[in-house]
Amino acid sequence: MTSTDVHKDVEDSGPSGYAAARLRLLQEGARSGPPRRSALAELTDDWLSGLFTAGAEALRGVSLIAVGGYGRGELSPRSDLDLVLLHDGSDSAAVAALADRIWYPVWDLGLALDHSVRTPAEARKTAGEDLKAQLGLLDARHIAGDLGLTAGLRTAVLADWRNQAPKRLPELQELCAERAERQGELQYLLEPDLKEARGGLRDATALRAVAASWLADAPREGLDDARRRLLDVRDALHLTTGRATDRLALQEQDQVAAELGLLDADTLLRQVYEAARVISYASDVTWREVGRVLRSRAVRPRLRAMLGGGKPVAERSPLAEGVVEQDGEVVLARAARPDRDPVLPLRAAAAAAQAGLPLSLHAVRRMAAGVRPLPTPWPAEAREQLVTLLGSGQPTIDVWEALEAEGLITQMLPDWERVRCRPQRNAVHIWTVDRHLIETAVRASEFTRRVHRPDLLLVAALLHDIGKGWPGDHSVAGEIIAKDVAARIGFDRDDVAVLATLVRHHLLLVDTATRRDLEDPATVRSVADAVGSQGTLELLHALTEADALATGPAAWSSWRGSLVADLVKRVVAVLAGDDLDEPEAAAPTAEQERLAIEAVATGSPVLSLRAQTEPPALTEGQPAGDPEPLGVELLIAVPDQPRVLPAVAGVLAVHRLTVRTAELRALDLPDGVEGSVLLLNWRVAAQYGSLPQAARLRADLVRALDGSLDVAGRLAERDAAYPRRRGVIAPAARVTVASAASRHATVIEVRAQDAPGLLFRIGQALEDAGVRMRSAHVSTLGANAVDAFYVTDGKGAPLGAGEAASVARKLEETLRG
């Protein structure tokens, strides 16, 4: 049946003809989606126009207006008809009679109707008092009657909206937030409300209203398609249920999927989630821009007065190489080159998450459009930045979603595509697979002080359910994927094996603890055989708890936690017995020996600064770039004396060098050379900018050792010069004594959030405690510092238990202060 035939039925048969034509239109298999919604709106327009014309007769100064979804020409099969009968107030009685001539036929057909009769002044007054009414009028569309009356109201309402935007938009944002709190997030719900949940049709309408204000605009790419997809699902829901409902109930999802020609209910939900994610991300970006514009408007008059009318320049604070903060967002530095810096997206994301700031949409899109792929395996910096991002706690989620919205996550981790927006039809799980993985990393970041390898814990959290995108047991499939991903990220063979074990057995502890007899030695032995080492068990214990907490409130309890802890304790006893004595130092290289001899001869520190690089990755179709920086190898030989560690660490902090790894040890000198030398072997990297000159580093180190350089004061001045950002709330520093870890020294272990000057503070505190440092082994894993210090008393003997505990307690207080 053609559109002309349908309209002819309406003209010939009146209300019954409209009902028949409407039914035929909805039953047409060839027409669906936007064409059917537009045709239904046009059909309804013709019918209502006929009712209006028949009832208006000689009446002037009256018009019939569609508002809301009907005003946009988007009628779903069971949508309400939102109508306003507008009049100039000259003949109220006649207008009331006309209203009855229109409303009653609509009710007689059983159609839902939202109606009002108002003059333009009354409509504007109502809009000024009722935000929802104002939003509906923004989509006002003329159906019949006095076109000039309709046009005048539209013009006035739009002008009011734009004039009142600084006041009304915060109200609209609050309305959206309250609705999201009540309805939840569409992209994670198993029975979502397509209209009211966050990321649904209401939010899409709110974005249109923001754009109409001319104050800000939503990211448009993909937004119309996402909105169309949700409308298509709602149409199918109306047709399959025969009801005006927006809730996609579980028992109706298969029918709705079939109506849309989709494979199954999971495919349907995944499409809904993808659409909701686009709208949610667009909402986040848009409301952030609204806030920025409103703040700017509030501050601008004062700034102009201070600057004599000149245009203020936005302050840009450096965060990392190529990354700065501006207007409360993380943006790219002017000199940043995404096409020559494949690590830039991860570096920017890690900096944003650590600072607790959003990534600018423009920055993300610029990187997505221009960045070249990471080489395989990834450079060390890329791996470190990924770990930093994953360990940043709650801010990781928004930053990760910003990268994912522009396809950067699947570009870096192709296996992510199979779990993206994948539903979990399990009452225990409250997230999709991909969000659950990120939530697990967020939970795991709280446990980084419990493990020796926080980097492996965080990456295992990201990958533990990666196999859910494949058929079969997801733990078995995930083990294979994890091996591939871990090797691609750049972990060595041993670390890859640990990550694969963690993914394969991430359910082992909780399943065994709750379903097996822990008094049976065979049960405990089987777990010990599976994990293989105390280090892996430690990681698996933390991963188990993070996974359960990220699943939902029903997945973890104090009872389950106590059972798992009991099992872990028993497995530790089985695995115990390894001697964890102080690592044996490698024989000195020729360069190290040369520096040591020179330090003895001059009586002052000697250092060597050498950049470490690896060949650039070759990408087909692109010229070879510059070598990829791995960091800087810094060798320092110092005549044995007090306060060497805090002096060196403080100088590096003053020069904005981040310590990735460090070792300090006494060096055996060749026969015939008198004296004692401490050798410090570091790998450092510039936070941003260029590396300092070796001569300047050495001069400052000499001053730090003789006390003429106030390192603590310099660091305090620098901290005071920069505004405090809210940043991430990291787990508190943890300092422990590793009992029986060495026969020759007391081992003080420190696990803390890495920060400028951290190693300086640790070294200062240990020196103040009066202990002698035998050796130090420092690692920075992402944003986590994991350090071990082998110390003795003044006579070279291990500390007593009480003294060791006191040193550890005071050091912990220093780091938490």
Side-chain angles (χ1 to χ4, degrees), residues 288 292 312-367 370-371 379-382 384-389 391-392 395-396 398-399 402-403 611 626 628-632 649-660 683-693 696-697 700 711 714-728 730 753-760 780 782-783 785:
R288 198 161 66 233
R292 188 192 65 77
V313 178
E315 183 180 352
R316 296 166 69 89
S317 302
L319 294 175
E321 183 65 31
V323 185
V324 299
E325 174 191 350
Q326 178 178 319
D327 283 336
E329 290 185 327
V330 172
V331 303
L332 299 187
R334 295 185 180 93
R337 291 287 303 277
D339 58 324
R340 298 178 65 84
D341 186 359
V343 183
L344 184 59
L346 284 170
R347 190 186 311 121
Q354 284 288 301
L357 296 170
L359 261 178
S360 154
L361 173 65
H362 175 72
V364 178
R365 288 189 168 171
R366 185 180 164 199
M367 291 187 293
V371 74
E381 187 200 358
E384 290 162 359
Q385 298 294 355
L386 173 66
V387 171
T388 300
L389 171 60
S392 298
T396 299
D398 289 340
V399 174
L403 295 179
D626 295 330
E628 303 288 350
L630 287 175
V632 178
V651 168
L652 296 182
V654 166
H655 285 273
R656 300 185 186 279
L657 291 174
T658 299
V659 177
R660 293 301 181 194
R683 185 166 71 84
V684 299
Q687 292 178 22
Y688 44 82
S690 57
L691 294 167
Q693 294 181 344
R696 187 176 175 189
L697 276 179
D700 282 349
V711 172
R714 288 276 295 273
L715 292 176
E717 286 176 10
R718 192 179 71 191
D719 289 344
Y722 286 92
R724 284 190 173 274
R725 304 183 184 93
R726 61 184 184 275
V728 301
Q753 181 80 356
D754 188 37
L758 172 67
L759 195 53
F760 166 73
T780 304

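Since this is a predicted model, take the numbers as computed values, not measurements.
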Does any part of the side chain of L357, heavy atoms only, come nearer than 4.5 Å to the side chain of V399, both counted from C-beta?
no
For Q354 and S392, does a side-chain donor sit closer than 3.5 Å to a side-chain acceptor?
yes
Of all residues at least two apart in sequence or in a different chain, which pass the side-chain hydrogen bond (donor to acceptor under 3.5 Å, both in side chains) check with R288?
E329
Check the pair H362, V331 against side-chain contact (heavy atoms from CB on, under 4.5 Å), reporting the backbone distance first and the verdict last.
CA-CA 8 Å; H362 175 72; V331 303; over 6 Å; no
Which residues pass the side chain to side chain contact (heavy atoms under 4.5 Å, CB included) test with V711, sequence neighbours left out?
V654, A704, L709, L715, F760
Do the side chain of T780 and the main chain of A785 share a donor and acceptor less than 3.5 angstrom apart?
no
Do you know the tightest heavy-atom contact between A783 and T388?
N-OG1, 3.3 Å
Side-chain heavy atoms of V330 within contact of L319, under 4.5 Å:
yes
Using atom types as modelled and distance alone, determine if a side-chain donor or acceptor of T396 lies under 3.5 Å from a backbone N or O of L389.
yes
Pairing residues for E321 by the side chain to side chain contact (heavy atoms under 4.5 Å, CB included) criterion, not counting sequence neighbours
R347, Y688
For A755, which residues count as a side chain to side chain contact (heavy atoms under 4.5 Å, CB included) partner, sequence neighbours excluded?
none
Test: salt bridge (Lys or Arg N to Asp or Glu O under 4.0 Å). Region: residues 355-366. Which pairs qualify, not counting sequence neighbours?
R365-E406
A336: partners by side chain to side chain contact (heavy atoms under 4.5 Å, CB included), with sequence neighbours left out:
L332, L344
Between R683 and V632, is there a side-chain heavy-atom distance shorter than 4.5 Å?
no
